[in-house]
Amino acid sequence: MADGVTSLRLASGRGAATAAARRRRRSGWARRPGSAPGRLLSAGSSWTMRLGLFIGLAVYFVFGILPALANVVVSLTNYSGLAGSTTSFSGLSNYRALLTTERPGFMSALFTTIFFVLGVTAAQNAFGLLLAHRLQGGRRVDSVLRVLVFLPIVLGVTVVGLIWILIFDPSQGPASSLLSAFGTSSAFFGASGIALPLVIGVQIWQNLGFTTLVFIGGLKSISPEIYEAASMDGVGRWTRLRRISLPLLAPAMTINVLLAVIGSFTTYNLIYILTDGQASTMTLGMLSFNSAFGNSADLGYGAAVSVALFAATLIVAMPLVRFLRMRERRIFS
Amino acid sequence: MQAELPGRQQASRYATLSKLAGGALIVLLFFVPVLYIIMVALEPSAHFLRDPMAPPTRPAPSNFSQVWAQGDLGPELVNTVIYSVCAAALTTAASLLIAFPIARRLVAASGALYASIVVGLFLPLSIIPLFIEARDLHLYDNRIGYILLHVEPGLPLGVVLLTGFIAAVPRELDEAAWSDGCGYLRYLLRVIAPLTWSGLLITFLYSMLGVWNDIIGPVVFLVNPALFPISRGLFSFFGSNESDWTLLAAGIVIASLPILALFIATQRYFIRSAMGGAIKM
């Protein structure tokens, strides 16, 4: 969720990228290595610097890069992780199992994931945009409301999940009291068809604050003169939002759409709390986790699911990045 | 003063109204659920079972003491603080040690190293290999291991952030200090750290938040309940007392208070980094 924003900025957003490059040039980023200042360090200090860098990179490699690559290796085995069981290479059989009916679940999880990603991305950005428009002001109320919207990110998935489980508790929650006033009832997180939209809603509630703040940052970079000119010409609020804010927010939009897409493809911690993948909420991330640590101990299959998930994320994210950057270029040139 | 046109006046009244309605909706959506949890936490159990929507006539603070004892919340909070503060401090230190040589191009292939760090923001889910690694490296089900396993997740963002902050510090400072014979670590600590203070703080806070709120980590890497952080403790308590909502709500409030206090004290860093940092990095 919060991770990745700044780098996305570097990867996309032409305007900001060139600004960063300018800053870098000014501060000497582009100077050749081994130029004077480096040599000013004493031999001992130079080694300390290398050692520090090495330790940091070692942590990154051992706990970041290595496990990511090892996913592929584990996915080619029948590793169960249980003591006493033997492990052997099983070739592509885990991948074959994804596509056949031998291990049902993968295809339906793929469709659930697609629904989840579409719902979260569309709604989170639409609401984020509206909220940003409302909360961009400099008054005290606005800043208090901004903090309020950011609150769920601080509370974290466990607390957020439990809050909404209580609110949607089928027998004692306020939502069921409300429904019973209309003479109906629902199992909410236990009901197929209802659980997934609810989970999408909570996911959005959890992360909306960040989306909103990124949009507010984008709105603040739009020159107020454009709005003044528009209001002088008698342009209405709605047209202003659609014709000025929306296009000029392109860089912020790129970040928010990408964060929502990548985030919702891979996330499963909130789903783990809310439904544990029951009631048709089994996404690919949840399936990968459950295959390894839930009802079965099939680490090989779980790893294959996460490799497939990564591939699906790339297939969607790569053209999306290209499209969003083209859109930025079209608007700003 | 110019007299406003009636149409214009009406439009501004409409704008004020819609602004108020929007604000009320935000409060309803984002504050009322939190208030509701606090209300339930104060209700006597029998009262909640009778009428879950009504505010308590006589608040029952005993919920808090009961869940504190029954749910082992004290030791779990201590665990959480140890894990999140240690891991976040290590993440921040490691980020600085990586970011400085890269930002100053003091080693070969700095650009490539930076790119490889950015890749770290988009790595696939690797909890399964991490679990195998944790077991083989004896990091499984112990405190030190749990902390070490939580250093990496915040690292890429920290390096990217700090590289930007360090780039804003003039190189002339390096040259002046080093020709005076100032050592590397002393320089980082005495000159760079104070000048990139807010970058270090943001790195620390985001990493700390990540460890504090992690629920998958404690499920995969810990078995001994004495080692549980509050996230897993609370979730386990929910699993075994599913209908005991007054106690559970009190537990939620207790578990959230420390991180909430920290957030309120530091909210401008969170808000500003999300608002400005993302756009102007």
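Within every chain, numbering begins at 1; the chains are lettered A, B, ... in the order of the sequence lines, protein sequences first and strands thereafter. None of these values were measured; they are calculated from a predicted model.
At a 4.5 Å heavy-atom cutoff, A:Ser171 makes no contact with chain B through either its backbone or its side chain. For B:Leu139, the part lying under 4.5 angstrom from a heavy atom of chain A is the side chain only. In this structure, chain A has heavy atoms under 4.5 Å from both the backbone and the side chain of B:Leu125. Interface residue A:Val59: backbone and side-chain heavy atoms are both found under 4.5 Å from chain B. Contact annotation for A:Phe293: only side-chain heavy atoms (C-beta onward) come within less than 4.5 Å of a heavy atom of chain B. Neither the backbone nor the side chain of A:Ile55 comes within less than 4.5 Å of any heavy atom of chain B. For B:Tyr187, no part sits under 4.5 Å from any heavy atom of chain A, backbone or side chain. In this structure, the portions of A:Val62 lying under 4.5 Å from any heavy atom of chain B include both its backbone and its side chain. For B:Leu90, no part lies near chain A; criterion is any non-hydrogen pair under 4.5 Å. The contact between A:Tyr79 and chain B is made entirely by side chain atoms (from C-beta outward), counting heavy-atom distances below 4.5 Å. Residue contact with chain A, scored on non-hydrogen atoms closer than 4.5 Å, involves the side chain of B:Phe48 exclusively. Interface residue A:Trp164: only side-chain heavy atoms are found under 4.5 Å from chain B. For a residue to count as touching a neighbouring chain, one of its non-hydrogen atoms must lie under 4.5 Å from one of that chain's; by this rule A:Phe54 does not touch chain B. Using a 4.5 Å cut-off between heavy atoms, A:Thr48 contacts chain B through both its backbone and its side chain. Heavy atoms of A:Leu131 lying under 4.5 Å from chain B belong exclusively to its side chain. Neither the backbone nor the side chain of B:Arg268 comes within contact range of chain A, judged by heavy atoms closer than 4.5 Å. Heavy atoms closer than 4.5 Å to chain A are found in the side chain of B:Pro156, but not in its backbone. Residue contact with chain A, scored on non-hydrogen atoms closer than 4.5 Å, is absent for B:Val159. Neither the backbone nor the side chain of B:Leu96 has a heavy atom closer than 4.5 Å to any heavy atom of chain A. Residue A:Leu314: no heavy atom, backbone or side chain, is found under 4.5 Å from chain B. Residue contact with chain B, scored on non-hydrogen atoms closer than 4.5 Å, is absent for A:Leu130.
Between A:Ala68 and B:Leu123, the shortest heavy-atom contact is CB-CD2, 3.9 Å. In terms of heavy-atom proximity, B:Ala87 sits nearest to B:Val151 at O-CG2, 4.3 Å. B:Leu162 and B:Gly199 get closest at one heavy-atom pair: CD2-C, 3.7 Å. Counting all heavy atoms, side chain and backbone alike, B:Gly23 lies closest to A:Leu145 at CA-CD1, 4.1 Å.
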**Report entry** A:Asn71 vs A:Ser306, side-chain hydrogen bond (donor to acceptor under 3.5 Å, both in side chains): CA-CA, chis, key distance, verdict
**Finding:** CA-CA 8 Å; A:Asn71 251 325; A:Ser306 76; 3.2 Å; yes

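Looking at B:Phe238 and A:Ile165, their side chains come closer than 4.5 Å, going by heavy atoms from C-beta outward. Counting only heavy atoms from C-beta outward, the side chains of A:Leu53 and B:Leu97 never approach each other to under 4.5 Å. Side-chain contact between B:Val253 and B:Ile38: present, with at least one pair of heavy atoms (C-beta onward) separated by less than 4.5 Å. Looking at B:Asp174 and B:Arg104, their side chains come closer than 4.5 Å, going by heavy atoms from C-beta outward. Annotation: side chain of B:Val219 is not in contact with side chain of B:Phe235 (no heavy-atom distance under 4.5 Å). A heavy-atom distance below 4.5 Å is not found between the side chains of B:Phe30 and A:Leu151. Side-chain contact between B:Ser231 and B:Asn213 is absent, with no heavy-atom pair separated by less than 4.5 Å. Here the side chains of B:Ile127 and A:Tyr268 are in contact, with some heavy-atom distance below 4.5 Å.
Checked for salt-bridge contact, B:Asp214 and B:Arg232 miss the test: no charged N lies under 4.0 Å from a carboxylate O.
A donor-acceptor pair under 3.5 Å is absent between the side-chain atoms of A:Arg146 and the main chain of A:Leu213, judged by distance alone.
The residue among A:Leu166, A:Leu148, A:Val147 with the most heavy atom pairs within less than 4.5 Å of chain B is A:Leu166. Annotation: maximal heavy-atom pairing with chain B below 4.5 Å, among A:Leu57, A:Leu162, A:Ile167, occurs at A:Leu162. Put simply, of A:Phe289, A:Phe63, A:Phe265, A:Phe215, the one with the most heavy-atom pairs under 4.5 Å next to chain B is A:Phe63. Counting heavy-atom pairs closer than 4.5 Å to chain A, the top-ranked of the candidates B:Ser116, B:Gly181, B:Ala134, B:Ala177 is B:Ser116. Across A:Val157, A:Val74, A:Asp169, A:Thr313, the residue that shares the most heavy-atom pairs under 4.5 angstrom with chain B is A:Asp169. Each of A:Gly52, A:Pro67, A:Gly56, A:Ser45 has some count of heavy-atom pairs under 4.5 Å with chain B, and the biggest count is that of A:Pro67. Interface summary for chain A: among B:Ile215, B:Ile216, B:Leu155, the most heavy-atom pairs under 4.5 angstrom belong to B:Ile216. Among B:Ile117, B:Val27, B:Leu260, B:Leu29, the residue making the largest number of heavy-atom pairs under 4.5 Å with chain A is B:Ile117. Contact count against chain A (heavy-atom pairs under 4.5 Å) is highest for B:Pro101 among B:Gly22, B:Pro101, B:Ala255, B:Ala94. Contacts with chain A were tallied for B:Thr91, B:Val220, B:Val40; B:Val220 has the most, counting heavy-atom pairs under 4.5 Å. Of the listed residues A:Ala292, A:Pro174, A:Gly285, the one with more heavy-atom pairs under 4.5 angstrom with chain B than any other is A:Pro174.
Ring centroids of B:Trp178 and B:Tyr184 are separated by 6.0 Å or more, keeping the two rings apart.
Ring-plane geometry between B:Phe131 and B:Tyr140 is classed as perpendicular, the angle between the planes exceeding 60 degrees on a 0 to 90 degree scale with a lower cut at 30.
Just one of A:Asp276, A:Thr267, A:Leu270 meets the side-chain contact (heavy atoms from CB on, under 4.5 Å) condition when paired with A:Met286; it is A:Asp276.
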